[in-house]
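What follows is a short report on a single structure.
Counting starts at 1 for both ligands and their atoms, in listed order. Along the sequence shown, the residues carry numbers beginning at 1.
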Amino acid sequence: MMKFHISTFGCQMNEHDTEKIIWVLEKIGYYQTENRHEADLIIFNTCAVRKTAEDRVFGQLGELQELKRRNPDLIIAVCGCLMQKDDIREYFLSKHKHIDIVFGTNNIHKLPQLIDRHLRTNEKIVDVIEDTREISENIDSNRKYSYKAFVDIMYGCNNFCSYCIVPYTRGRERSREPESIVREVENLAKTGCKEVTLLGQNVNSYGKTLDNKISFSQLLSLLNDIDGIERIRFMTSHPKDFSDDLIDAYKNLEKLCNHLHLPVQSGSNRILKLMNRQYTKEQYLEKIYKIRELIPEITITTDIIVGFPGETEQDFLETLDLVEKAKFDSAFTFLYSIREGTNAAKMSDQVPDDVKHDRFQRLLDTLYPIGLESNRKLLNSIQKVLVEETSKTDDNILSGRTESNKLVHFLGNKNLIGEIVNIKINNVKTFTLEGEIV
Ligand code: 5AD
Ligand code: SF4
């Protein structure tokens, strides 16, 4: 009985790729183990978005050297975004000679062949497809949860934001056929799945690469008709492509959850231009005001980068001003990280680390009270919550998410996991709500 252990770094796309890798491996008779030490095959599904993620993978791979020395039959495989970049891949392979198999984000379906080739020849196998129009539909996923699932609707990105490595690792944008997506979601519904999260780097441009053009809101409408599915979410939108028909979708499609993640990155028009984001602070805010007016209960979250090359104090104050005006419910905040090969990496005016850290803290100090204020509005309200898991320390404490994607803790029996229950909100904190089943 062969066992594998997989570690996943990075975003939901990678988490979902891991579910596919697990499916592929179980199909050829491998079993998953949580214990790296008893594995015959160890896989690292890597992330390239920031240097910190790269360093973490690099360090953990180093630790495997000892395991490999003790068990020379152990197979070590590395995949994901880091391996899509020639320079990074070559560096990893030169420093970590114990890596046996490297594969990319586009050829997960080939993993059984690659393992087989390695076992037969004992050679190092490197199989990475740099860019492709091809979409492999004959691959399923072993999903982590039965009641909620990620569903890819498109791959790659054409936007080339100047700081971002994704267009170089995930290739050009391409959409899945709507029929395949609908079939996948129908099958999920049949097996009891209630919530789907549609994944793509820029879901607003879904369908543009297909022969029979279809818009993202049309796709949402098709999925809204599937019996059994109760909630539809998506990640991620690009503000430049966020249009009125999506606001209409929020109004008209009862299953579309009232949460919008709309990464802004910066509030300074000068920095937004250098980032190649193709919108201004004013245009962004106009979209936010409009959607808040039409869908008042919507939760809006964002991504913000501090310390982009050339960011001045004045630029940063523009970001704080935008945060106050947009009243984000919460935000993922990042220190700018140089990614070789991107345009921003060539910019000379890098912001010193201490200035970046100082701005980062001031950004959090601005975001947190706004998030708390927004949560306060939910006090005493009744929220529909999809129960997701028990607390790590106490089986009687459950957690789940409201339609607007806020995390709620409450007392209850763990057989409620996967059900949607009504919770009265009794207490609110910056990041979580507390309540009771009613
Ligand atoms: N440095 C810091 N943050 C980055 N992101 C993408 N590239 C970088 C980088 N080089 C952030 C963006 C994006 C999120 C997924 O990661 O905010 O929206
Ligand atoms: Fe990266 Fe910009 Fe594409 Fe998002 S839209 S993946 S930030 S290049």
Short side-chain donor-acceptor distance under 3.5 Å, Asn202 and Asp241 = yes
Of the backbone atoms (N, CA, C, O) and the side-chain heavy atoms from C-beta on, which set of Arg170 has a member under 4.0 Å from an atom of ligand 2: side chain, backbone, both, or neither?
-> neither
For atom 5 (S) of ligand 2, what is the nearest protein heavy atom, given as residue, atom name and distance?
-> Asn159 ND2, 3.4 Å
Can you check whether Glu297's main-chain N or O pairs, donor with acceptor, with Lys377's side chain at less than 3.5 Å?
-> no
Lys/Arg N to Asp/Glu carboxylate O, Glu373 vs Arg376, below 4.0 Å = yes
Sub-4.0 Å atoms of ligand 1 with respect to non-hydrogen atoms of Arg50 | 1 (N), 2 (C), 3 (N), 4 (C), 5 (N), 11 (C), 16 (O)
Got the closest protein heavy atom to atom 15 (C) of ligand 1, with its distance?
-> Asp303 OD2, 3.8 Å
Among Arg362, Lys356, Gln361, find the residue that satisfies the side chain to side chain donor-acceptor pair (under 3.5 Å) test when tested with Asp358.
-> Arg362
Return a yes/no value for Tyr163: is any of its N or O atoms, backbone included, closer than 3.5 angstrom to an N or O of ligand 1?
-> yes
Give the atoms of ligand 1, by number and element, whose distance to some non-hydrogen atom of Gln265 is under 4.0 Å.
-> 12 (C), 13 (C), 17 (O), 18 (O)
In ligand 2, the atoms that come under 4.0 Å of a heavy atom of Phe160 are 8 (S)
For atom CG of Asn212, is the number of surrounding heavy atoms from other residues, nucleotides or ligands below 6.0 Å larger than 12?
-> no
Do me a favour and list the nearest non-hydrogen protein atom to atom 1 (N) of ligand 1 with residue, atom name and distance?
-> Ser337 N, 2.9 Å
Go through the steps for Val408 and Thr432 under the test side chain to side chain contact (heavy atoms under 4.5 Å, CB included), then give the verdict.
-> CA-CA 6 Å; Val408 191; Thr432 54; over 6 Å; no
How many angstroms lie between atom CG of Leu25 and atom CZ of Phe4, to the nearest 0.5 angstrom?
-> 5.0 Å
Ligand-residue contact atoms, ligand 1 with Ile305, heavy atoms, under 4.0 Å | 3 (N), 4 (C), 5 (N), 12 (C), 17 (O)
Please determine if atom 1 (Fe) of ligand 2 has an N/O/S atom from Cys164 lying under 2.8 Å away.
-> yes
Atom 3 (Fe) of ligand 2 [closest protein heavy-atom partner, distance rounded to 0.1 Å] | Cys157 SG, 2.2 Å
Proximal ligand 1 atoms for Arg339, defined as those under 4.0 Å from one of its heavy atoms | 10 (N)
Shortest reach to atom 8 (S) of ligand 2 by a heavy atom, considering only Cys11, Cys161, Gly200 | Cys161
The protein heavy atom nearest to atom 4 (Fe) of ligand 2 is Gln201 O, 4.5 Å
If we number the atoms of ligand 2 from 1 as shown, the ones under 4.0 Å from a heavy atom of Val166 are 6 (S)
At a 4.0 Å threshold, what atoms of ligand 2 neighbour a non-hydrogen atom of Pro167?
-> 8 (S)
Under 4.5 Å between any side-chain heavy atoms of Ser374 and Lys406, yes or no?
-> yes
Per-atom contacts, ligand 1 versus Leu335 - under 4.0 Å to a heavy atom | 1 (N), 2 (C)
So which of Arg277, Gln278, Lys240, Gln201 actually passes side chain to side chain donor-acceptor pair (under 3.5 Å) with Asn159?
-> Lys240
Numbering the atoms of ligand 2 from 1, which are under 4.0 Å from a heavy atom of His238?
-> 5 (S)
What atoms in ligand 1 come closer than 4.0 Å to a heavy atom of Val49?
-> 5 (N), 6 (C), 7 (N), 8 (C), 9 (C), 10 (N), 16 (O)
Sidechain-backbone polar pair: Asn14 side chain, Thr46 backbone, donor-acceptor under 3.5 Å = yes
How are the rings of Tyr168 and Phe160 set to each other: parallel, tilted or perpendicular (split at 30° and 60°)?
-> perpendicular
Given side chains that start at C-beta, do those of Ile99 and Leu93 come closer than 4.5 Å, heavy atoms only?
-> yes
Given side chain to side chain contact (heavy atoms under 4.5 Å, CB included), test Tyr163 with Ile305 step by step and report yes or no.
-> CA-CA 10 Å; Tyr163 50 82; Ile305 299 176; 3.7 Å; yes
Protein heavy atom at shortest distance from atom 7 (S) of ligand 2 | Tyr163 OH, 3.3 Å
Give a yes/no verdict on whether any heavy atom in Ile338 is under 4.0 Å from an atom of ligand 1.
-> no
